[in-house]
Enquirer: 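Before I ask anything, here is the structure I am working with.
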Amino acid sequence: MTKQAFVFDLDGVITDTAEYHYIAWKHLAARIGITIDREFNEQLKGISRMDSLARILSHGNMTDKFSEDEKQQLATEKNTEYVKLLQSITPDDVFDGLVDFLKSAKQHGIRCVIASASKNAPLIIDKLAIGDYFDAIVDPNTLTKGKPDPEIFVKAVGCVQVAPEDAVGFEDAEAGIQGIKAAGMYAVGFESNHPLPEADLTIHSWNDVSVSELINL
């Protein structure tokens, strides 16, 4: 049976907003006395805002320093700066080859869904002007577990009534690949700085893969 749905992570797969996340987290961490670098930031890719904050606080030995309300305030502070940085995004920031890939998917009748831990996914998709290519965006507020738990990917295919085994997931983070595999989907890893050995297929650009080869896996 051919594949019927494609499920996409956002950061690092559709556009590169990872740098904006890094800048915002780095500023917040510095304000509370924690230093993070780009190597540490790799641990934050693909996971939720609160999980990212938890890792930063643990890194700085400050896990017990803040109340739950204060942690929420810190996460909100980070997101406020991140959203300001997002205002500079334009359709030119879509990764090369993706729009042609999405057009081909639409022509083949493939349902496309965004499965991102980012609560800003609708804003980003709107600013990139690619919303018409997607049938649904998973709302992180409906999730109880973060990646690598498969919940977000199961919900994604559920949005378009497709079985996980009939879907392909695209991720750039190890936690995401693990979640895709745990959901029972075929995993395509979008490699940049780090290898993704658990992926079924790895690519470095959207020009490395075609819809026709994926739907007939």
Side-chain angles (χ1 to χ4, degrees), residues 1-21 45-46 86-140 142-143 147 150 152-173 175-177 179-181 183-192 196 199-217:
M1 189 172 182
T2 58
K3 299 300 182 184
Q4 301 173 41
F6 290 162
V7 178
F8 301 79
D9 179 39
L10 180 52
D11 297 337
V13 172
I14 289 175
T15 189
D16 186 10
T17 56
E19 182 68 13
Y20 298 146
H21 279 295
K45 291 185 175 180
L86 288 180
Q87 301 311 310
S88 63
I89 288 181
T90 73
D92 290 337
D93 293 307
V94 175
F95 282 160
D96 184 48
L98 175 62
V99 171
D100 287 339
F101 184 87
L102 292 171
K103 287 179 178 177
S104 180
K106 209 169 189 62
Q107 290 168 355
H108 283 84
I110 301 296
R111 311 298 298 277
C112 293
V113 185
I114 296 291
S116 170
S118 174
K119 294 181 180 180
N120 297 298
L123 169 65
I124 296 169
I125 294 300
D126 181 61
K127 293 189 74 64
L128 294 174
I130 55 174
D132 289 345
Y133 297 110
F134 294 97
D135 296 284
I137 299 176
V138 176
D139 181 0
T142 66
L143 304 174
K147 301 173 187 178
I152 189 171
F153 299 106
V154 173
K155 279 186 176 288
V157 292
C159 288
V160 290
Q161 299 180 318
V162 172
E165 60 268 26
D166 296 327
V168 177
F170 302 89
E171 266 281 358
D172 72 318
I177 294 294
I180 291 171
K181 299 292 289 181
M185 298 164 57
Y186 186 90
V188 177
F190 204 102
E191 289 188 338
S192 53
L196 297 169
D200 296 302
L201 171 70
T202 57
I203 60 175
H204 294 87
S205 162
W206 285 106
N207 298 312
D208 294 342
V209 68
S210 70
V211 170
S212 58
E213 74 177 275
L214 289 176
I215 61 177
N216 293 307
L217 290 169

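Computation of the quantities below employed the complete heavy-atom set of this structure, encompassing side-chain atoms and omitting hydrogens, waters and symmetry-equivalent molecules.
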Enquirer: For side-chain contact (heavy atoms from CB on, under 4.5 Å), just list the numbers for F8 and I14, CA-CA rounded to whole Å, side-chain angles, deciding distance to a tenth of an Å, and then say yes or no.
Expert: CA-CA 8 Å; F8 301 79; I14 289 175; 4.0 Å; yes

Enquirer: Starting from the C-alpha separation in whole Å, work towards a yes-or-no answer on side-chain contact (heavy atoms from CB on, under 4.5 Å) for I114 and V138.
Expert: CA-CA 6 Å; I114 296 291; V138 176; over 6 Å; no

Enquirer: Would you confirm whether K3, through its side chain, and E165, through its main-chain N or O, come within 3.5 Å as a donor-acceptor pair?
Expert: yes

Enquirer: Side-chain contact, heavy-atom cut-off 4.5 Å: P164 with V157?
Expert: yes

Enquirer: Give the minimum heavy-atom separation between V94 and T15, together with the two atoms involved.
Expert: N-OG1, 4.4 Å

Enquirer: Would you confirm whether the ring centroid of F101 sits within less than 6.0 angstrom of the ring centroid of W206?
Expert: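 W206 vs F101: aromatic centres under 6.0 Å.
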
Enquirer: Do the side chain of D9 and the main chain of S116 share a donor and acceptor less than 3.5 angstrom apart?
Expert: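 No.
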
Enquirer: What closest approach, in Å, do H108 and S104 show between heavy atoms, and which atom pair accounts for it?
Expert: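 What the structure gives for the nearest pair is ND1-O, 2.8 Å.
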
Enquirer: Which pair of heavy atoms, one from E191 and one from L196, lies closest together, and at what distance?
Expert: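 Heavy atoms of E191 and L196 come nearest at OE2-N, 2.8 Å.
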
Enquirer: Atom OG1 in T202, atom CG in D172: separation rounded to 0.5 Å?
Expert: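 T202 OG1 to D172 CG: 13.0 Å, rounded to 0.5 Å.
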
Enquirer: Go through the steps to decide whether V188 and V209 satisfy the test side-chain contact (heavy atoms from CB on, under 4.5 Å), and finish with yes or no.
Expert: CA-CA 10 Å; V188 177; V209 68; 5.7 Å; no

Enquirer: Quick check against the 3.5 Å criterion: does S205 have a side-chain atom that pairs as donor or acceptor with the backbone of N207?
Expert: yes

Enquirer: Ignoring hydrogens and geometry, is there a side-chain-to-backbone donor-acceptor pair from D166 to V162 under 3.5 Å?
Expert: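 Not confirmed, D166 side chain does not pair with V162 backbone.
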
Enquirer: Just by modelled atom types, is the A18 backbone N or O under 3.5 Å from a matching donor or acceptor in the D11 side chain?
Expert: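 Judged by distance alone, no pair lies under 3.5 Å.
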
Enquirer: Where is the tightest heavy-atom contact between C112 and A105, given as atom of each residue plus distance?
Expert: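 Heavy atoms only, the tightest pair is SG-CB, 3.9 Å.
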
Enquirer: Is there a side-chain contact between K181 and D200 (heavy atoms, below 4.5 Å)?
Expert: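 K181 reaches D200 side chain to side chain.
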
Enquirer: For F190 and G12, work out which heavy atoms get closest and say how close.
Expert: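 Where F190 meets G12 most closely, the heavy atoms are CD2-O, 3.5 Å.
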
Enquirer: How long is the gap from CG on N120 to CG on L10, to the nearest 0.5 Å?
Expert: 9.5 Å

Enquirer: Output, in order, the C-alpha distance, side-chain angles, deciding distance and verdict of side-chain hydrogen bond (donor to acceptor under 3.5 Å, both in side chains) for S210 and S212.
Expert: CA-CA 5 Å; S210 70; S212 58; 3.2 Å; yes

Enquirer: Look up atom CD1 in I177 and atom CE in M185, then write down how far apart they are to the nearest 0.5 Å.
Expert: 10.0 Å

Enquirer: Once you measure the plane-to-plane angle for F170 and F6, does it fall in the parallel (<30°), tilted (30-60°) or perpendicular (>60°) bin?
Expert: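 F170 and F6: perpendicular rings.
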
Enquirer: For T90, is there any backbone N or O sitting under 3.5 Å from a side-chain donor or acceptor partner on D93?
Expert: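 At least one qualifying donor-acceptor pair exists.
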
Enquirer: Nearest 0.5 Å please: distance from the CD1 atom of I125 over to the CD1 atom of I130.
Expert: 4.0 Å

Enquirer: I need the minimum non-hydrogen distance between V154 and A183, along with the two atoms involved.
Expert: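 So the minimum-distance heavy-atom pair works out to CG2-CB, 4.0 Å.
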
Enquirer: Once rounded to the nearest 0.5 Å, what's the spacing between atom OG1 of T17 and atom CD1 of I124?
Expert: 4.5 Å

Enquirer: What I'd like to find out is whether the side chain of V7 reaches to under 4.5 Å of the side chain of V168, using heavy atoms alone.
Expert: no

Enquirer: Where do I152 and K147 land on the side-chain contact (heavy atoms from CB on, under 4.5 Å) test, with the steps shown first?
Expert: CA-CA 8 Å; I152 189 171; K147 301 173 187 178; 3.9 Å; yes

Enquirer: State whether the number of non-hydrogen atoms from other residues, nucleotides or ligands found under 6.0 Å of Q161 atom CD is greater than 12.
Expert: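 At most 12 heavy atoms, drawn from other residues, nucleotides or ligands, come within 6.0 Å of this atom.
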
Enquirer: How far does CG of L214 sit from CG of L201, to the nearest 0.5 angstrom?
Expert: 6.5 Å

